[in-house]
Amino acid sequence: MTVTATNTSGSTAPLDPAVLHEAVVDWFGEHARDLPWRRPEAGAWGVMVSEFMLQQTPVARVLPVYEQWLKRWPSPAALAVDAPGEAVRAWGRLGYPRRALRLHAAAVAIQERHAGVVPRRHEHLLALPGIGEYTAAAVASFAYGQRHAVLDTNVRRVFARAVSGTEFPPGATTAAERRIARQLLPEGDAAAARWAAATMELGALVCKASAPVCVGCPIAAACAWRLAGSPAYDGPPRRGQTYAGTDRQVRGRLLAVLRASAEPVAQAVLDGAWQEPVQRARALDGLVADGLVEPLEGGLYRLPGA
DNA sequence: AAGCCGTGGAA
DNA sequence: TTTCCAAGGCT
């Protein structure tokens, strides 16, 4: 099947996948960042840890935490025998601490189901806690060199612009996007894995969400969005996140207190983290329900133990 | 399937 | 100052 891009006049011109592949992969060869999880010594576990941390958190903030994490827990087995609360503590301020809990749970599952080895099969990866469609494809591709359509926010944006001619992709991944990704995927395993990494990097460094650097783009001449005159986004409003005053902020405050304490913390201390008592109680209940906080006897709280 | 779940740097 | 947004997953 042929991949087409919409041009200015509304007609379509065929994109030659082989030409795109070469341009993007060559660009990647020159501009790829030297990230620790891309080095061979990272292994599948290193790749997996990085993917968890990079879910909605920028590379620059992940780097130091990633290094200390792998030094402390160089294998799933090492993490699995530690308390989940230690994972939450080491997660620091990366945000969305449920990811730390899920990474710990995934390590336990890898011990139980896969003899301590990060599974190779997409199906088995997908079954692990905290691993969805994207992360399963990413680990299978980056750690094991398999052929998978890796559709993260960067790749989706690159395809939206280069192929579909729109500034931004839809709110949720669509069947149409998966079809485009599958059609553009090179045949061989190694080529597909390289392509996945290259398109992600292109989205991260050049085809950025705001202020794309089209002068540095290897496929600018073939980009449907550019050829259409870079029309402004006209789809449904992309969801903006308010944060100040939300339960999420309160949860963050409470968890910060617990992270900072090696000992269980009294209710009264947690009360100092947020003024408004109803919201504070709701947030704490939520953290307990999520397994991020463990209530003890006598009004004490701590990060979850083993 | 729309909403929830943290955090901080940059524009 | 406010807004945007960063390699998503789960319910």
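Taking atom CG of A/L255 as the reference point, atom P of B/dG8 lies 13 Å away to the nearest angstrom. When rounded to the nearest whole Å, the span between CZ of A/F168 and C1' of C/dC5 equals 10 Å. The nearest whole Å value for the distance from the CG atom in A/L54 to the P atom in C/dC5 is 19 Å. Look at CG on A/L103: it is 16 Å from P on C/dG8, rounded to the nearest Å. Rounded to whole Å, atom P of C/dC5 lies 13 Å from atom CZ of A/R156. Per the geometry, CG belonging to A/L101 stands 13 Å off P belonging to C/dC10, to the nearest Å. One interatomic measurement links the two molecules: OH of A/Y243 to C1' of B/dG6, which rounds to 5 Å at whole-angstrom precision. Taking atom OH on A/Y233 and atom C1' on C/dC4, their separation rounds to 14 Å, with Å as the unit.
Here ring pair (Phe, Tyr, Trp, His ring centres under 6.0 Å) pairs that include residues 136-169 of chain A, with residues two or more places apart or in two chains, are A/H122-A/H148, A/F168-A/Y233. Residue pairs meeting the salt bridge (charged side-chain N to carboxylate O under 4.0 Å, His left out) criterion with at least one partner in residues 155-177 of chain A, sequence neighbours excluded, are A/R156-A/E177.
Contacts between residues 62-76 of chain A and DNA chain B, defined by a heavy-atom separation below 4.0 Å, involve no residue at all. Listed by residue number, there are no residues of residues 131-146 of chain A with a heavy-atom contact under 4.0 Å to DNA chain B. Within residues 185-220 of chain A, the residues having any heavy atom closer than 4.0 Å to DNA chain C are, in order of number, A/M200, A/A204, A/A209. Contact check of residues 82-95 of chain A against DNA chain C (heavy atom, cut-off under 4.0 Å) returns no residues at all. Within a heavy-atom distance below 4.0 Å of DNA chain C, no residue of residues 262-284 of chain A is found. Of all the residues in residues 24-52 of chain A, A/R33, A/L35, A/W37, A/R38, A/E51 reach under 4.0 Å from DNA chain C with at least one non-hydrogen atom.
Not one N or O on the side chain of A/H104 forms a donor-acceptor pair closer than 3.5 Å with the backbone of A/E86. Proximity of a side-chain donor or acceptor of A/W225 to a complementary backbone N or O of A/G229 within less than 3.5 Å is not detected. Using a distance-only test at 3.5 Å, with no hydrogens or angles considered, no donor-acceptor pair links the side chain of A/R226 to the main chain of A/A221. Judged purely by atom type and a 3.5 angstrom limit, A/H21 uses its side chain to pair as donor or acceptor with the backbone of A/P17. Under a 3.5 Å cut-off, the side chain of A/R99 and the backbone N or O of A/F52 do form a donor-acceptor pair. A donor-acceptor pair under 3.5 Å links the side-chain atoms of A/T199 to the main chain of A/A196, judged by distance alone. Under a 3.5 Å cut-off, the side chain of A/Q146 and the backbone N or O of A/R120 do form a donor-acceptor pair. A donor-acceptor pair is defined here as one N or O able to donate and one able to accept, closer than 3.5 Å; such a pair exists between the side chain of A/Q249 and the backbone of A/G245. Panel note: side chain A/R89, backbone A/S261; a donor-acceptor pair is recorded below 3.5 Å. The backbone N or O of A/V117 lies less than 3.5 Å from no partner atom in the side chain of A/Q111, so there is not a single donor-acceptor pair.
With sequence neighbours excluded, the residues forming a side-chain contact (heavy atoms from CB on, under 4.5 Å) with A/R38 are A/F28, A/A32, A/R33, A/L35, A/E201, listed by chain and number. With sequence neighbours left out, A/D290 forms a salt bridge (charged side-chain N to carboxylate O under 4.0 Å, His left out) with A/R98, A/R251. Residues passing the salt bridge (charged side-chain N to carboxylate O under 4.0 Å, His left out) test with A/R182: none are found, sequence neighbours excluded. Partners of A/T135 under the side-chain hydrogen bond (donor to acceptor under 3.5 Å, both in side chains) rule, at least two apart in sequence or in another chain, are A/Q55.
The side chain of A/R251 places an N or O atom within less than 4.0 Å of a non-bridging phosphate oxygen (OP1 or OP2) of B/dG6. Residue A/R98 places no side-chain N or O under 4.0 Å from the OP1 or OP2 atom of C/dT11. Listed pair A/Q56 / C/dA6 fails the phosphate criterion, with no side-chain N or O lying under 4.0 Å from OP1 or OP2. Taking 4.0 angstrom as the limit, A/R157 places a side-chain polar atom (N or O) nearer than this to OP1 or OP2 of C/dA6. For C/dG8, the OP1/OP2 oxygens have no side-chain nitrogen or oxygen of A/Y96 closer than 4.0 Å.
Tested against A/V163, the residues A/V158, A/L20, A/I180 include a single side-chain contact (heavy atoms from CB on, under 4.5 Å) partner, A/I180.
Nearest-nucleotide positions on DNA chain C for A/N154 and A/L126 put A/N154 closer to the 5' end.
Within 4.0 Å (heavy atoms only), A/T57 reaches at least one base atom of the nucleic acid.
Ring-plane geometry between A/W73 and A/W69 is classed as perpendicular, the angle between the planes exceeding 60 degrees on a 0 to 90 degree scale with a lower cut at 30.
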- Task: Could you check A/Y301 against A/Q267 for side-chain hydrogen bond (donor to acceptor under 3.5 Å, both in side chains), going step by step and ending with a plain yes or no?
- Result: CA-CA 7 Å; A/Y301 295 87; A/Q267 173 82 57; 3.2 Å; yes
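No single ILVMFWY cluster, assembled from side-chain heavy atoms under 4.5 Å apart, contains both A/L101 and A/L94.
Rounded to whole Å, the P atom of B/dG6 lies 14 Å from the corresponding atom of C/dT11. Atom P of B/dC4 sits at a distance of 23 Å from the matching atom of C/dA7, rounded to the whole Å.
Checked against C/dG9, C/dA7, C/dA6, the side chain of A/R61 finds its nearest nucleotide in C/dA6.
Residue A/R248 places no side-chain atom within donor-acceptor reach of the base of B/dT7, judged by atom type and a 3.5 Å distance cut-off alone.
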